[in-house]
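Only one structure is covered here, and it is reproduced in the block below.
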Amino acid sequence: MREFKRTDRVADQLQKELAVLIQREVKDPRLGMVTVSGVEVSRDLGYADVHVTLLGEQTPERIKENLAVLKRAAGFLRSQIARRIKLRHVPELRFHYDESVVRGQRLSSLIDEAVASDQAQHDEAADDDRGPVDGSTDDRSAGNGSADRDERD
């Protein structure tokens, strides 16, 4: 059995080339900082699903606008890829927004909040177990000390 499928190798090469082409060749001012996070190629090499993420503002309107710009530039990008990669047929490019990075950041912040909350509760419980913080003693220790002094005198 082969270690890597041809579609995987083509997808990796497409990802590298698209990352460079989008940053250097697409001159649309509406296009923000786009990162190609992954490419999946169909078995017949007819289609390539390109997953992208955006840096900065990630509102639904901005995402739609960036995907529209990339969709409009798909023909140009495909022709540039045909010049750079030797393929009999260059796959049709379909762009999708990859939410995994945003979802990962949100989950990471939720985990950090939960850990901080647990730590704060743990610290409060530890403070309650130590007793008063102002240096005063409780009644039991004060009574025992005075009784010992009376017996010695």
Side-chain angles (χ1 to χ4, degrees), residues 1-138 140-141:
M1 185 173 167
R2 287 183 272 170
E3 197 170 318
F4 296 104
K5 294 186 211 172
R6 181 168 192 251
T7 55
D8 294 339
R9 292 192 310 265
V10 170
D12 287 343
Q13 190 63 34
L14 282 174
Q15 181 176 355
K16 291 175 189 173
E17 295 296 333
L18 282 170
V20 171
L21 285 170
I22 289 172
Q23 293 300 320
R24 295 185 183 163
E25 302 294 328
V26 179
K27 301 294 184 198
D28 195 317
R30 296 172 294 169
L31 189 64
M33 291 294 293
V34 175
T35 304
V36 179
S37 60
V39 176
E40 297 171 5
V41 179
S42 64
R43 291 179 71 189
D44 65 350
L45 301 178
Y47 294 97
D49 291 318
V50 182
H51 300 278
V52 296
T53 58
L54 302 175
L55 295 175
E57 185 182 359
Q58 298 180 1
T59 62
E61 298 84 25
R62 188 84 175 111
I63 292 167
K64 259 185 173 177
E65 183 180 34
N66 278 281
L67 288 176
V69 169
L70 290 171
K71 185 177 181 181
R72 204 168 290 120
F76 167 74
L77 292 170
R78 191 173 173 199
S79 67
Q80 293 298 313
I81 288 171
R83 291 182 185 168
R84 295 172 179 230
I85 301 175
K86 292 204 183 258
L87 289 174
R88 188 174 296 166
H89 177 73
V90 177
E92 181 181 327
L93 303 175
R94 299 185 295 195
F95 292 95
H96 307 280
Y97 178 66
D98 186 7
E99 294 180 355
S100 64
V101 173
V102 174
R103 191 178 310 124
Q105 288 173 343
R106 188 169 54 239
L107 288 174
S108 179
S109 68
L110 287 173
I111 290 169
D112 290 344
E113 288 176 21
V115 167
S117 173
D118 284 350
Q119 186 64 37
Q121 288 177 353
H122 178 20
D123 291 346
E124 286 178 17
D127 288 344
D128 290 344
D129 290 344
R130 287 187 196 129
V133 181
D134 61 358
S136 65
T137 58
D138 60 0
R140 288 175 290 167
S141 63

Identify the two heavy atoms, one from [X] and one from [Y], that lie closest to each other, and give their separation to 0.1 Å.
{"X": "Arg62", "Y": "Glu65", "result": "NH1-OE1, 3.0 Å"}
{"X": "Phe95", "Y": "Leu70", "result": "CE1-O, 3.4 Å"}
{"X": "His89", "Y": "Leu45", "result": "CD2-O, 3.5 Å"}

Any side-chain donor-acceptor pair under 3.5 Å between Thr53 and Asp98?
-> no

Residue pair Gln58 / Tyr97, side-chain donor-acceptor N/O under 3.5 Å = yes

Expected output: side-chain [X] to main-chain [Y] donor-acceptor under 3.5 Å:
{"X": "Gln23", "Y": "Val34", "result": "yes"}
{"X": "Glu92", "Y": "Ala48", "result": "no"}
{"X": "Lys86", "Y": "Arg83", "result": "no"}
{"X": "Arg94", "Y": "Tyr47", "result": "no"}

How long is the span from the [atom1] atom in [X] to the [atom2] atom in [Y], to the nearest 0.5 Å?
{"X": "Asn66", "Y": "Ile63", "atom1": "CG", "atom2": "CD1", "value": "8.5 Å"}
{"X": "Leu77", "Y": "Glu25", "atom1": "CG", "atom2": "CD", "value": "9.0 Å"}
{"X": "Ser108", "Y": "Glu113", "atom1": "OG", "atom2": "CD", "value": "10.0 Å"}
{"X": "His51", "Y": "Glu99", "atom1": "NE2", "atom2": "CD", "value": "11.5 Å"}
{"X": "Ile85", "Y": "Gln80", "atom1": "CD1", "atom2": "CD", "value": "11.5 Å"}
{"X": "Arg84", "Y": "Gln13", "atom1": "CZ", "atom2": "CD", "value": "10.5 Å"}

Is there a side-chain contact between [X] and [Y] (heavy atoms, below 4.5 Å)?
{"X": "Leu31", "Y": "Ile22", "value": "yes"}
{"X": "Ile81", "Y": "Leu93", "value": "yes"}
{"X": "Leu54", "Y": "Met33", "value": "no"}
{"X": "Val39", "Y": "Val41", "value": "yes"}
{"X": "Ser42", "Y": "Thr7", "value": "no"}
{"X": "Leu21", "Y": "Val26", "value": "no"}

Looking at Lys64 and Glu61, does any basic side-chain N land under 4.0 Å from a carboxylate oxygen?
-> no

Taking it one step at a time, do Arg72 and Arg30 satisfy side chain to side chain contact (heavy atoms under 4.5 Å, CB included)?
-> CA-CA 12 Å; Arg72 204 168 290 120; Arg30 296 172 294 169; 3.1 Å; yes

